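Everything below concerns the one structure shown next.
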Amino acid sequence: MDLDLKGKKAIVTGGTRGIGRAVAESLAREGVNIAVCARTESGVVETVNALRALGVQAFGTALDVRDRDAFTKWHESACTELGGIDIAISNVSTRPTLSGEDGWREAFETDFLQHVRFAELSLPILARGKDTSLLFVSSIAATLMILPPGESAYGTMKAALISYMGQLAAKHGSSGVRVNAVSPGPIFFEGGVWDQIRKHQPDLFNRAAQMSALGRHGRPEEVADAITFLASPRAGFITGANLRIDGAMVKTVNH
Ligand SMILES: NC(=O)c1ccc[n+]([C@@H]2O[C@H](COP(=O)([O-])OP(=O)(O)OC[C@H]3O[C@@H](n4cnc5c(N)ncnc54)[C@H](OP(=O)(O)O)[C@@H]3O)[C@@H](O)[C@H]2O)c1
């Protein structure tokens, strides 16, 4: 299937590692020009070089998405460098460092407000294009009633993100912008959160694999390829959808 993505322009937050990196590479393999951001300069430089090696234009900036001014500036410059935006992928999540009420406020900033900021910057630009879409990376933590200690606020913000996604889909459909989300289950990659869990909580690591109908963790590419499809004109009638990509870890029929 030709995804009809060649020459399109995508902006991806947190595109240097894990799911975000796999999305950037998956889109680049389809001929999409890409702008990424992440905090670590070396990761940004390495990613941009790897994307360029796939034959597309690539740009990157090191910044923290919680820094509103730097984030806004990056979004503007990415749009200029790319010559517009057709695909906007809001992928970043930042591990909380605080506890109690401060932790909830931090989670709101890191796992919700920066996605709103990204959407508000992206939607007017997407509305000017054709076959454009915005996609949020949520999590099955949005629907789980039992979460690992410390992930209560994370799950709550991921649920809010899905609600926000639906509202945006209804509001912006008439402008031709599709808005979707994906909710991955446990995704393993070296240096990622499940790699840490494998090293320090092997029981939890194995339990998570067994809970999936497929008996294993997912891979970033398995999430990225679904995102690439959802971002493509081939998914032209899909909007307001939250696609679980969890190997059927969550045992409910996904109506
Ligand atoms: N991995 C999983 O099992 C899993 C499961 C469900 C959902 N998810 C969701 O998938 C998304 C990606 O997670 P991941 O596990 O693939 O990767 P990750 O290890 O969380 O890293 C994501 C990327 O975001 C960047 N980043 C993190 N905090 C940032 C900040 N404050 N400002 C700018 N960039 C930042 C990282 O680079 P720097 O560190 O250099 O900034 C990296 O490029 C998240 O929304 C996460 O909640 C992941």
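Residue numbers start at 1 and run along the sequence shown. Ligands are counted one by one from 1 in listed order, and the atoms in each one are counted from 1 as well. Given the structure is predicted, the values throughout are model-derived calculations rather than measurements.
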Ligand 1 atoms in contact with I187 (distance to a heavy atom under 4.0 Å): 1 (N), 2 (C), 3 (O)

Pick from T110, V137, V65, I245: the one approaching atom 32 (N) of ligand 1 most closely through a non-hydrogen atom: V65

Nitrogen or oxygen of I140 less than 3.5 angstrom from that of ligand 1: no

Sub-4.0 Å heavy-atom approach of P220 to ligand 1: no

Distance filter under 4.0 Å to T16 heavy atoms, resulting ligand 1 atoms: 37 (O), 42 (C), 43 (O)

Donor-acceptor contact below 3.5 Å, side chain N33 vs main chain L82: no

contact_flag V223 ligand 1 heavy-atom lt 4.0 Å: no

Backbone of G240 reached by a side-chain donor or acceptor of N180 within 3.5 Å: yes

For ligand 1, the portion of S138 having any non-hydrogen atom under 4.0 Å away: backbone

Between S26 and E30: side-chain donor-acceptor atoms closer than 3.5 Å: no

F189: numbered ligand 1 atoms lying under 4.0 Å from its heavy atoms: 14 (P), 15 (O), 16 (O), 17 (O), 19 (O)

Option set H217, R17, Q114, R39, criterion heavy-atom distance to atom 30 (C) of ligand 1, minimum: R39

Exam field: side chain S138 to backbone K158, donor-acceptor pair closer than 3.5 Å: yes

N/O donor-acceptor pair under 3.5 Å between R178 side chain and L230 backbone: yes

Atom indices of ligand 1 within 4.0 angstrom of I19 heavy atoms, with elements: 10 (O), 16 (O), 48 (C)

Close approach, G185 and ligand 1, non-hydrogen under 4.0 angstrom: yes

Flag, side chain of R66 to backbone of T94, donor-acceptor distance under 3.5 Å: no

Beyond-backbone contact of L121 with W74, side-chain heavy atoms, under 4.5 angstrom: no

Interfacing atoms of ligand 1 (cut-off 4.0 Å, heavy-atom, W194): 3 (O)

Those atoms of ligand 1 less than 4.0 Å from some heavy atom in T40: 38 (P), 40 (O)

Flag, side chain of S212 to backbone of G247, donor-acceptor distance under 3.5 Å: yes

Region of K158 engaging ligand 1 - heavy atom pairs below 4.0 Å: side chain

Within-cut-off N or O pair, S139 and ligand 1, under 3.5 Å: no

SB check R95 E151 (cutoff 4.0 Å): yes

R216 with E222: basic N within carboxylate O range, under 4.0 Å: yes

Distance-only donor-acceptor check, side chains H75 and S122, under 3.5 Å: yes

K9 side chain to E81 backbone, donor-acceptor under 3.5 Å: no

Whether R21 lies under 4.0 Å from ligand 1, heavy atom: no

Distance filter under 4.0 Å to L63 heavy atoms, resulting ligand 1 atoms: 32 (N), 33 (C)

Ligand 1 contact on S93 by region, counting heavy-atom pairs under 4.0 Å: both

Atoms in ligand 1 flagged as close to G18, the criterion being non-hydrogen separation under 4.0 Å: 16 (O)

